[in-house]
Amino acid sequence: MEKISLPKGTRDFGPEQMAKRQFIIDSIKKVFQRYGFQPLETPAMENLSTLTGKYGDEGDQLLFKILNSGDFLKEANKQNLETGNWKLATGDIAEKGLRYDLTVPFARYVVMNRHEIAFPFKRYQIQPVWRADRPQKGRYREFYQCDADVVGTDSLVCEAEIILMIKDAFKALGVGDYSIKINHRAVLSGLAEILGARENENSLFVAIDKLDKIGEEKVKEELIARGFNTDSLATLFEVLNFKGSVAQKMEMLTKTFANSEKGKKGVNDLSEVFSLLENYGSAFDHVEFDIALARGLSYYTGCIFEVKINNVGIGSVSGGGRYDNLTAVFDAKEKSSGVGISFGIDRIYDAMEELKIFPKETSAASTILITHLDNDGFKYGLKTVQAFRERGIASEIYPDQVKIKKQMEYADRKKIPFVVVIGPEEVQTKNLTLKKMETGNQLKLSFEEIATAIQLHNNKD
RNA sequence: GUGAAUGUAGUUCAGUUGGUUAGAACGCCAGAUUGUGAUUCUGGAGGUCGCGGGUUCGAGCCCCGUCUUUCACCCCA
């Protein structure tokens, strides 16, 4: 028999992990809702034509494709199969694929429902996505994204609010040491322009994005290999290595971009975002203007964001930006601008686990376990457990009549904080024995006394 | 997709130049304790050494393939 296992890069989440994951999801969801975003869900699978061509050639290879049902080979073009032209052959035998991110399905939804939607449309979406990548630490083939996007406005208020939401989210999660990096695609394009590298933009962006990872020398090597000369590299690193406050960076770039319209646009946008943040009354802590931040996804056109939790061996936990023409790929007439942020909850989980900063009480176990010593106690317990539930206290009764030791062990293992013991004495006096597992202390109390005390205890948290 | 490492009990790991019956700790189960968990004591169960082939008188150890996990590149949450 085949050994049971999971597909590469996928995981089960047991109760303990789920408690922590839900803590992260709930925290982020609350922030999204507080900023006026509304929920959306889209199907796990999309038509392959919706997905292909949106993420570049690399992205197309990372799409999971779903084999057509039935005798799919009959319909396929034999020539494509036999000549080994797998790209064409794939189109013949697979018409559906698993979603690769939440942004493209969102754009599809917006275009399909444009007449129903009130713009600007603010939606959040928390669902798994799939990538046929090779798994590594912090990198899975199935993982969750928590996205919030606004479509249908160019206002930089959205960008500023993204920064506010990131701060709120990490505050709710209890993550204190993190950096929000911000840059603008037009700043990068402006750089390319003054370096005379407009044709070579992408290799420039890819190389400088690695600056903090591989260092200045390696980036220079890579750029020289791609045909950049030493003069332009000198200019480039003069800009990249500039140290100073945000205001000083802006001033420097304004001079640098004296002859670059694109560069000026980028600097103006960023200045406005920063001044909006001031108007919101938000401090600039955690926010870094990083001229070297590029980000891969080619559809970004305006501000770009990336969030890293410091001192953990995990890549970015969140990223986003503005894309001016995402909906245009579905309909050329449709040119709504969008801007959004995506939190990777699997990576946030890994980082928080590494830092050991999950709150202790994330477990969703019962508050009370009813234990019983005999059949009368068990019956009395059934009434009692239901009464606790009516008072809003999560409780359960041990379902089998077994030794009290066994029932206590169960409470201990499930980390249920309180145990009620019901035996002949309790049934007769109508006073229940309440045991606090943490200390081992126990008292005889009435149902009312216990229920009130537990409710107080729960409200304290 | 390219290049490399890894896999032994539920878990973390030992296991000598290839040599009889593969070990430890923790965990698990039972009892000490028929109205009490976590602590203590006693006993017990648990392994096709990832899987498949090969070399050898003999393989956990060597060789090939395959899968898993991990690392670098690519890319990314």
Side-chain angles (χ1 to χ4, degrees), chain A residues 1-11 24 28 55-63 86 99-103 126-147 202-203 205-207 209-210 213-214 218 222 294-298 300 304-309 313-321 340-351 369 371-374 377 398 401-427 432-442 444:
Chain A
M1 199 174 77
E2 200 181 332
K3 199 177 172 183
I4 57 167
S5 63
L6 285 171
K8 190 201 286 257
T10 66
R11 296 137 313 144
I24 297 174
I28 294 173
Y55 310 103
D57 284 349
E58 301 270 356
D60 285 355
Q61 289 196 11
L62 297 180
L63 287 173
W86 66 271
R99 76 166 97 77
Y100 176 93
D101 70 359
L102 302 178
T103 310
I126 301 175
Q127 287 189 278
V129 302
W130 294 269
R131 296 183 188 177
D133 209 350
R134 185 172 293 207
Q136 274 179 43
K137 187 178 181 183
R139 177 180 245 180
Y140 307 97
R141 291 183 133 179
E142 178 185 64
F143 60 96
Y144 270 68
Q145 291 190 328
C146 303
D147 279 29
N202 269 327
S203 41
F205 298 167
V206 168
D209 196 37
K210 296 183 203 162
K213 201 170 168 190
I214 62 174
K218 294 266 178 190
E222 189 169 328
R295 290 189 58 78
L297 285 172
S298 44
Y300 291 123
I304 46 183
F305 309 96
E306 189 162 283
V307 184
K308 278 193 173 150
I309 297 178
I314 297 263
S316 66
V317 295
S318 180
I341 182 74
S342 177
F343 291 89
I345 77 156
D346 303 81
R347 284 189 175 177
I348 293 174
Y349 181 103
D350 289 346
L369 175 74
T371 65
H372 35 85
L373 294 157
D374 54 21
Y398 197 90
Q401 292 184 36
V402 296
K403 276 186 282 193
I404 186 83
K405 179 187 171 83
K406 190 110 186 158
Q407 304 182 50
M408 286 287 173
E409 269 173 11
Y410 174 81
D412 187 45
R413 292 188 58 161
K414 283 192 74 174
K415 298 199 170 70
I416 295 173
F418 296 100
V419 170
V420 164
V421 184
I422 305 179
E425 214 182 299
E426 283 80 1
V427 173
L432 307 174
T433 299
L434 176 72
K435 173 164 176 159
K436 186 174 185 182
M437 294 300 274
E438 195 187 332
T439 57
N441 293 340
Q442 54 187 61
K444 293 224 165 147

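Atoms considered below: every heavy atom in the structure, side chains included; atoms not considered: hydrogens, waters and symmetry mates. Quick note on labels: first sequence line is chain A, next is B, and so on, each numbered from 1. These figures come from a predicted structure and were not determined experimentally.
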Distance between the [atom1] atoms of [N] and [M], in whole angstroms?
{"N": "B:rA9", "M": "B:rA14", "atom1": "C1'", "result": "13 Å"}
{"N": "B:rG65", "M": "B:rA25", "atom1": "P", "result": "39 Å"}
{"N": "B:rU55", "M": "B:rA22", "atom1": "P", "result": "25 Å"}
{"N": "B:rU20", "M": "B:rA59", "atom1": "P", "result": "12 Å"}
{"N": "B:rG53", "M": "B:rG44", "atom1": "C1'", "result": "38 Å"}
{"N": "B:rC51", "M": "B:rC67", "atom1": "C1'", "result": "7 Å"}
{"N": "B:rG1", "M": "B:rG58", "atom1": "P", "result": "39 Å"}
{"N": "B:rC75", "M": "B:rG18", "atom1": "P", "result": "44 Å"}

Given [options], the nucleotide with the shortest approach to the side chain of [X]:
{"X": "A:L62", "options": "B:rU36, B:rC29, B:rC75", "answer": "B:rC75"}
{"X": "A:Q145", "options": "B:rU70, B:rG35, B:rA77", "answer": "B:rA77"}
{"X": "A:V421", "options": "B:rU68, B:rC74, B:rU36", "answer": "B:rU36"}

Nearest whole angstrom, please: distance from the [atom2] of [N] to the [atom1] of [X].
{"X": "A:M408", "N": "B:rU36", "atom1": "CE", "atom2": "C1'", "value": "4 Å"}
{"X": "A:L63", "N": "B:rC76", "atom1": "CG", "atom2": "P", "value": "14 Å"}
{"X": "A:R131", "N": "B:rG1", "atom1": "CZ", "atom2": "P", "value": "17 Å"}
{"X": "A:K137", "N": "B:rA77", "atom1": "NZ", "atom2": "P", "value": "19 Å"}
{"X": "A:D101", "N": "B:rA77", "atom1": "CG", "atom2": "C1'", "value": "10 Å"}
{"X": "A:R141", "N": "B:rA77", "atom1": "CZ", "atom2": "P", "value": "17 Å"}
{"X": "A:F305", "N": "B:rC76", "atom1": "CZ", "atom2": "P", "value": "18 Å"}
{"X": "A:I314", "N": "B:rC71", "atom1": "CD1", "atom2": "C1'", "value": "14 Å"}

Q) Taking for each residue the nucleotide of RNA chain B with the nearest heavy atom, is it A:R139 or A:E438 whose nucleotide lies nearer the 5' end? A) A:E438
Base, sugar-phosphate or nothing for [X]? Non-hydrogen atoms, less than 4.0 Å.
{"X": "A:K436", "answer": "nothing"}
{"X": "A:V206", "answer": "sugar-phosphate"}
{"X": "A:L373", "answer": "base"}
{"X": "A:G9", "answer": "sugar-phosphate"}
{"X": "A:Q407", "answer": "nothing"}
{"X": "A:G59", "answer": "nothing"}
{"X": "A:T433", "answer": "base"}
{"X": "A:E426", "answer": "base"}
{"X": "A:Y140", "answer": "base"}

Grab the two heavy atoms, one from [X] and one from [Y], that are nearest each other, plus how far apart they are.
{"X": "A:M437", "Y": "A:D412", "result": "CE-N, 4.0 Å"}
{"X": "A:S342", "Y": "A:D147", "result": "OG-OD1, 2.7 Å"}
{"X": "A:E142", "Y": "A:W130", "result": "OE2-NE1, 2.9 Å"}
{"X": "A:Y144", "Y": "A:D346", "result": "N-OD1, 2.8 Å"}
{"X": "A:T433", "Y": "A:K444", "result": "OG1-CE, 3.3 Å"}

Report yes if a side-chain nitrogen or oxygen of [X] is closer than 4.0 Å to either non-bridging phosphate oxygen (OP1 or OP2) of [N]; otherwise report no.
{"X": "A:K435", "N": "B:rU36", "answer": "no"}
{"X": "A:K210", "N": "B:rC74", "answer": "yes"}
{"X": "A:K406", "N": "B:rA30", "answer": "yes"}
{"X": "A:Q136", "N": "B:rA72", "answer": "yes"}

Please give the nucleotide sitting opposite [N] as a Watson-Crick or G-U wobble pair, both distances under 3.5 Å, or none.
{"N": "B:rU42", "answer": "B:rA30"}
{"N": "B:rU2", "answer": "B:rA72"}
{"N": "B:rA22", "answer": "none"}

For the side chain of [X] and the base of [N], is some donor closer than 3.5 Å to an acceptor across the two?
{"X": "A:R347", "N": "B:rC76", "value": "yes"}
{"X": "A:R134", "N": "B:rU69", "value": "no"}
{"X": "A:K403", "N": "B:rG35", "value": "no"}
{"X": "A:E409", "N": "B:rU36", "value": "no"}

Checking the side chain of [X] only, and the main-chain atoms of [Y] only, is there a donor and an acceptor separated by less than 3.5 Å?
{"X": "A:E426", "Y": "A:G423", "value": "yes"}
{"X": "A:E438", "Y": "A:P417", "value": "no"}
{"X": "A:R347", "Y": "A:S316", "value": "yes"}

Q. According to the interplanar angle, ranging from 0 to 90°, do the rings of A:Y410 and A:Y398 count as parallel (below 30°), tilted (30 to 60°) or perpendicular (above 60°)?
A. perpendicular
Q. Can A:F143 be called stacked on B:rA77 when the rule is centres closer than 5.5 Å and an angle between planes below 30°?
A. yes
